[in-house]
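Structure below; questions to follow.
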Amino acid sequence: MTPPSEVPVASDLYARIVAWVNREAELLDAGKEREWLETMVSKEIVYQVPLRQTVERAHGTGFSDTTFHLNESYGSLMTRVVRNESGFAWAEDPPSRVRHFVTNIRVSELEGNRLAIKSNLLIFRTRRDQTQPQLLSGERQDVLRNEDGEFRLVGRTILLDLTVIETHNLAIIF
Amino acid sequence: MTPPSEVPVASDLYARIVAWVNREAELLDAGKEREWLETMVSKEIVYQVPLRQTVERAHGTGFSDTTFHLNESYGSLMTRVVRNESGFAWAEDPPSRVRHFVTNIRVSELEGNRLAIKSNLLIFRTRRDQTQPQLLSGERQDVLRNEDGEFRLVGRTILLDLTVIETHNLAIIF
Amino acid sequence: MTPPSEVPVASDLYARIVAWVNREAELLDAGKEREWLETMVSKEIVYQVPLRQTVERAHGTGFSDTTFHLNESYGSLMTRVVRNESGFAWAEDPPSRVRHFVTNIRVSELEGNRLAIKSNLLIFRTRRDQTQPQLLSGERQDVLRNEDGEFRLVGRTILLDLTVIETHNLAIIF
Amino acid sequence: MTGANSSNGKSHSVSERLLDELREGLPDGLIPAALFGNEEIFNLELRKIFARCWVFLAHESEIPNSGDYVRRKIGQDNFIVVRDEDGGVQALFDACRHRGVQICRADSGNTDIFRCPYHGWAYDTKGNLLGGPLWKNAFGTMSKEQNGLLKVAQLTSFHGLIFATLDPTAPSFEEYLGGMKWYLDLVFGLNRHGVEIIGAPQRFVVDANWKSGAENFSGDDYHLGTLHRSAWAIGAFPVPFADNMMGYHIQASPGHSLSFSMAPSEDDPGPKFFAYPQDVARSFDTSRISDEQLRIASRSRVFVGNVFPNFSILLAPMTDDGAHFPPTGVLTIRTWQPMGAGRIEAWNWFCAYRNMTPDQKDRVYRSGLASFSMGGVFEMDDTEPWMLASRTGRSVAAEVLDLKLNYQMGLPGVGIAKRAENWPGPGIVYWPRYEEGVQRNMFRFYCDMMRAEPGTWPKASF
Amino acid sequence: MTGANSSNGKSHSVSERLLDELREGLPDGLIPAALFGNEEIFNLELRKIFARCWVFLAHESEIPNSGDYVRRKIGQDNFIVVRDEDGGVQALFDACRHRGVQICRADSGNTDIFRCPYHGWAYDTKGNLLGGPLWKNAFGTMSKEQNGLLKVAQLTSFHGLIFATLDPTAPSFEEYLGGMKWYLDLVFGLNRHGVEIIGAPQRFVVDANWKSGAENFSGDDYHLGTLHRSAWAIGAFPVPFADNMMGYHIQASPGHSLSFSMAPSEDDPGPKFFAYPQDVARSFDTSRISDEQLRIASRSRVFVGNVFPNFSILLAPMTDDGAHFPPTGVLTIRTWQPMGAGRIEAWNWFCAYRNMTPDQKDRVYRSGLASFSMGGVFEMDDTEPWMLASRTGRSVAAEVLDLKLNYQMGLPGVGIAKRAENWPGPGIVYWPRYEEGVQRNMFRFYCDMMRAEPGTWPKASF
Amino acid sequence: MTGANSSNGKSHSVSERLLDELREGLPDGLIPAALFGNEEIFNLELRKIFARCWVFLAHESEIPNSGDYVRRKIGQDNFIVVRDEDGGVQALFDACRHRGVQICRADSGNTDIFRCPYHGWAYDTKGNLLGGPLWKNAFGTMSKEQNGLLKVAQLTSFHGLIFATLDPTAPSFEEYLGGMKWYLDLVFGLNRHGVEIIGAPQRFVVDANWKSGAENFSGDDYHLGTLHRSAWAIGAFPVPFADNMMGYHIQASPGHSLSFSMAPSEDDPGPKFFAYPQDVARSFDTSRISDEQLRIASRSRVFVGNVFPNFSILLAPMTDDGAHFPPTGVLTIRTWQPMGAGRIEAWNWFCAYRNMTPDQKDRVYRSGLASFSMGGVFEMDDTEPWMLASRTGRSVAAEVLDLKLNYQMGLPGVGIAKRAENWPGPGIVYWPRYEEGVQRNMFRFYCDMMRAEPGTWPKASF
Ligand code: FES
Ligand code: FES
Ligand code: FES
Ligand SMILES: [Fe+3]
Ligand SMILES: [Fe+3]
Ligand SMILES: [Fe+3]
């Protein structure tokens, strides 16, 4: 494939992506996961949170490309949505309070009508009386594809800055 | 009222709002609360931090529309400023160190020369020797109004991601 | 010197700075410190993290202008890079996982082909099995200079929101 | 500190030593600083104070309808305070009898069944076990009676205030209140309509010891002049500091103290009836209190008091915006939930008399919020010294240097406070308010409770 | 709570009292709630359970080549599990013998030398001290033999599963397993190829007590109907709740329990061989197990069990996307690492039979991840009640109100479970699965271990 | 761990057992690992070490003018170190005598009055109580003398270094220093001008035990070759590792140790006078020290030492940018404040001789910062192994496997270090520096202090 070409921050395209990213975060933080899935996600989505291990500097970042915390398809994401709508999803009832802080957005064009988006993601999450949040931090690497005039999320990889995850579940969408 | 219409990220208006938001945060983080109040806030400001309770998923977000952590007017905000200037505001002397991280800025136009701004707000706060910050996270919903050529804050609602607040006081401005 | 003039958020220049800031954070978070130093930093860099003390409101922010946590030149920064490449930099082997969240970017022009950039910086850092991050927050004040067509970092001051630093070392670049 | 604890290897001796020092020091107004930070003392408090004394849970106006519930704390533990199907009030320990899972999923709500998420045991609003999935197969003949939710030992409702205790041997609430009843009647029975809670309680966490809140509301008026000096700078409070020191300090009964700000003479120009609006004040009558109580109320500017251990009330004139609104009487309730030797979860309710207009209630709420809340100009300052005192309570230096805190104001010869003559109400009464007998009274009862054997009680009257 | 601890000053009496209550209550299925939160009990567990019992460290397939290592935990402490230069497996305490510095710098890797970063002492893969910089000058004649890395007292490999104990007086692993061996053989020896680990283990931290995980996997089937009700809503699990309760509860030997979901009759339509794909199932044979074991496996829908203290396995039919893929057998291993009285670090491995195709293994991994992982639709829910139970375990109210948890399901007269006749395997067996004897068996052994004097062991058979 | 504590119910026996093991093991250079993590030991240390020994607070150059103050720690507690109105130095416990509120609001500043924020009690710079609002009304005749701020028991200034102790029975500072005085004189009295502090101290928190810092500065030179190997890679340090091991290890007096890096012969080319610039070196004279001391200094490349418990100094040649600047002598002071068994708050001061030029002082500061600070290439590495060692100190495995740390370097027959002949200074002296007697000396005194009864002191000389 041809190398990705950077999309200038000043461009309309970049601006559209920022709007897309903000809209997505707003939907997810408001718990509108079905709307997110149905209006912003491609049926061919590959959504992965790879496992990470502590390794020596010489051995790189420690991410695994075969094992994951989450490895989702459109079907399995829809499964989550249905589950939360079932009224028996105790793990998230009462729901966590989740906030997506998306910064350092970088956009580049890929061939095939696709865009690569990198951003730094900080998730602030609390439940019940918790005063100390769970904080999840990482780089989010997205691929968006223009599907009949609309950008759809076709790939998402979350590279967490953690090896052991301090959370009782991962019932959230990054 | 007519529905709000989204202001494109690429527009000059959006850019002006970003500058406004950044200037405000700079003033507040620098403790220039009087300058903020006198130059950026409308005399008709309604500034509210509603109370939040943990409720089951079926019952929504748990925000109260009648009870608050803060429910301020221009007069009561000025009261805070005067208080901090009194030299006897022990609660904030020595002052906290406060940092506003404002992300995911969304702008839309309302009728009546007004703009609605949503952003995700993370406040990092420490005092004295604290090495662990107080972290306050939430969605900030602002309404700005163009008052003779200048944007003024006429409405602010802070939707915190917390029910119990771990802070000895709320002597900060969100 | 003439007072700094604000660079509008809508301008191309501002956009170029945002891209510069994002590229820098990406390099640093990826541990590409040599590339950062060689491609983005001026040989005349002055890089300082001043010490901070708790002082009463009447006495200002408590920053020292003579004592520092870090006070680096190009030479000493290169020393750090070489050190990390030496294979014996135990302090950072295995390396910390560092994430730069850069928000509230403000740009203004200085005379002499230079730009002043203020931003709010949140650093999320973990090591080994840590589930609770070290969080470092502050205002970053940069000066960039156009050196034959490229922006180079010629000055950086980190005003931390902390007096006591909870970190076993400062082997990171802000 | 557990440090003190470990430092000599006899973990019981630290608390015993501190309590001995307390008992011996109290007559001279000396209290060991470590009481405000020692972990062992704190763990004793949870058992000997909070698991035995009557503590406040909720106001009936928070759960008007059957099935309404709020989740509240006794000590550190959650109880479901629910209006049962017969209109009674229940306080149920939030722990399933099967595996102990907490079953209450919200801070407040309405339900007729509490179902445990783990295996599905279901309980009604009285805590009765109703059953679970495929019950016969699983638990056939097992007694449901013996597997209902656990309850508080005693519960009562007083002017709509719901109090409970985990100790079946505790005296009745009336007996426990003793002389304090006369004063609570004065506030909560000030008219025929009584009071109601406005909105839900605010909760915030402060790194301090719960006793700092309790002793402050027992009648620490002297701190206004310094800590709240800014309040005058902004016109938040209508009575000058020195004038405000005029009034009565009352040890109503062992443990329970209060304080009135009152002008020396009836015809003093200052606020009457806590500065409630005229038309509200007009509704104050003797339908539920005596002439004496009404007369006291009429002369009162501020009422502040604490029912041992951690139920505090304040009734005072406040405004959120002195420039535009005159102060109004604001009644606020506080509980200082003990979350650690150096950790309070403060609960904060605002009350209004039921017959106030919506506007008047809104003024009360806004004024209270702006004055006595986490973001209020008064309370904002209060938490600061409490934090700084609890740090000292944890310190080894205070232990080694034997730091005793000073509660000597108003002791014979110290200051100008004198026993008051012909005061119509019960208790030991001083005028003016330059004294700390109200705090010593709290600590005297505290000391007795901390030393009392299980099942035994110190006497509830002087 | 250390609170209970301090509350009477005799820090030993709390754990002793709780263990007495446990012993006395067990026959009636009553267990004190504080066992799930008391700090003193937890610190005892680290010493009397985790420092003595056989615990799981790794699977040999994780360290195939010499020099391969993984860092694993015994209790809270790190051990280097390494394939030594002779192909043997070592478990070395990760602490330099000079100043105690941890020398293993990665979660996994390959090396022939572990060098300490402080002064440079170097050790080989057997833990032998090799030397350090300028060794003669510094340590000349000092014995290297006496300064090698410390090791576990006993180590064994069973079907590739590496177990170890710090107690030299512990019985052999076979003896320790007792009747449980028959059942582990059934799973890990189900064909001639055996199992392997897929990928690296997932780790996550839950604010709960480790025993909640252990007792759940000992055979808590009854919770599916409520806690996992959503699983049916999304078609993640093929057997209806009531049907799934059919099967056997087995106390294999003291401490170790398990449970089979099994249809009443052989020719039930439901899943066979845990719903493994046909061609995989065809490879299941008696090369390493008996006809009885194979027959049991063939009829089994779900196998879940726990080797005391914290090694749990689950073998069940799952799918990540019921709409597109039928369930497949998924074998998963769990350890519940005790990080605090209210803190578990859960480790999570997925396994496949070696002879499965890459696609089949991928289905196993995806289905397992989507079902039994931190983000899985089943496990997501499990952690919730455990957290809510550990909160109760810490509570003073549970102590004061004397809350006993209920483990009575299946006691004589309680429910329909009955001792099973002519079951081919070892242990005490019940049908159907409406019973909690499997949990009582775990706690009986737990109780014996907690009371056992150093060097002495409760008997490992009924 | 409190675990060990609770594990047998006799909370005193753990520290007693560990201290017995320490005493018995020391002659053979064996020290129980738990000393670096056990909570009970730590709480004892706060009382028996930090509340009794002489500890460093500040340098007089930090508070030149009357009213100047800095807030400093003894153990974990804050003291106000202030230049009083008569020019004397006071160390006042930062706790109001009324309710114990901390009254010092800044890390440093200048004031003539400390006013408490709660009720307004005011104190002068000698800690005398001056009064409060409406004092007569409130506290009339109460003794102000008895209510001044508490103070340290003894305080001294030595070459401008302010030391204090909370123990009135402590020996004089000179006596406490014993032979160490000769060596501190050598550094701080090296010329007639003496030293001053540059800037304010840097503070950072490390999850390690304070003794790791103290023992390292007592003379752990051997770690440079491995831990600081990167320092040579970047030319930060001018003396090769093996050469740098040449020098003397000195047990100056019980508890206090130090180490000199020194070339075997006077005319070695290496750095002289710690590589201070020539013109500075020229100012070094015998105005305050003896010829012997001056000669030692002239031959010295590095001086590192520790005054028990936690006052460390280092004097060594460093540069921030080897490519452009030659190393210069840098004198740095460290204290390792004990914030927990596994938590140090490190304080870090840089010093220069008063007669150095601004440029020279700037070089000292930059070089020190780049080498020995939180961000310095040396110190950056030091904290790492200390953290990894304190983790081991907390471990149950170290307790169960009875891990003894190894301090045997330099014991008879171990390595090449020998007692030095005709050394002009006091103490027990070894050459070369391949030995750990300096650490054993620290732990011997530590052991004596931990076992000493209140009021009694181990002897301060060999
Ligand atoms: S724990 Fe509540 S039903 Fe089992
Ligand atoms: S601590 Fe490992 S070599 Fe010294
Ligand atoms: S606490 Fe300091 S004056 Fe009252
Ligand atoms: Fe107050
Ligand atoms: Fe489950
Ligand atoms: Fe070092």
Side chain from CB out, backbone as N, CA, C, O: work out which of these in E:Phe79 comes under 4.5 Å of a heavy atom of chain F, or both, or neither.
side chain
Contact leader toward chain F among E:Gly100, E:Ala153, E:Cys96, where contacts are heavy-atom pairs under 4.5 Å:
E:Gly100
Could you check whether atom CZ of F:Arg334 has more than 12 heavy atoms from other residues, nucleotides or ligands sitting under 6.0 Å from it?
yes
Segment of E:Asp167 engaging chain F (4.5 angstrom heavy-atom cut-off):
neither
When heavy-atom pairs shorter than 4.5 Å are enumerated against chain F, which of E:Arg97, E:Arg52, E:His98 gives the highest number?
E:His98
Test item: E:Arg203 and E:Asp107 side chains (from C-beta on) under 4.5 Å apart, heavy atoms:
yes
Within-4.5 Å side-chain heavy-atom neighbours: E:Pro133 and F:Phe241:
yes
Given that the side chain runs from C-beta out, which part of F:Glu435 has a heavy atom under 4.5 Å from chain E: side chain, backbone, both or neither?
neither
Cation-pi check, F:Arg433 onto F:Phe260 ring (under 6.0 Å, within 45° of axis)
no
Below 4.5 Å, heavy-atom pairs only: which of F:Glu384, F:His228, F:Gln408, F:Glu436 has the largest tally toward chain E?
F:Glu436
Does F:Glu24, at its CD atom, have more than 12 non-hydrogen atoms belonging to other residues, nucleotides or ligands within less than 6.0 Å?
yes
Interface residue of largest heavy-atom contact number with chain E, from F:Ile31, F:Leu411, F:Leu403, under 4.5 Å:
F:Leu403
Counting heavy-atom pairs under 4.5 Å with chain E, which one of F:Gly410, F:Pro432, F:Ala398 comes out on top?
F:Ala398
Among F:Gln439, F:Arg440, F:Glu215, which one satisfies side-chain hydrogen bond (donor to acceptor under 3.5 Å, both in side chains) with F:Tyr407?
F:Glu215
Do you know which of E:Arg99, E:Met142, E:Gln102 has the most heavy-atom pairs under 4.5 Å to chain F?
E:Arg99
Chain E interface, residue from F:Asp382, F:Leu224, F:Leu401 that has the most non-hydrogen pairs under 4.5 Å:
F:Leu401
Between F:Ala33 and chain E, which part of the residue has a heavy atom less than 4.5 Å away: side chain, backbone, both or neither?
neither
Below 4.5 Å, heavy-atom pairs only: which of E:Asn137, E:Ile74, E:Asp94 has the largest tally toward chain F?
E:Asn137
Quick check on E:Tyr118 against chain F: is it the side chain, the backbone, both or neither that has a heavy atom closer than 4.5 Å?
both
Within a reach of under 6.0 Å around CZ of F:Arg23, are more than 12 heavy atoms found that belong to other residues, nucleotides or ligands?
yes
Closest approach of E:Trp54 to E:Ala170 (non-hydrogen atoms, all atoms of both residues):
NE1-CB, 4.2 Å
Is there a side-chain contact between F:Asp402 and F:Glu21, using heavy atoms and a 4.5 Å cut-off?
yes
Could you look at F:Asp381 and say if it's the side chain, the backbone, both or neither that has a heavy atom under 4.5 Å from chain E?
neither
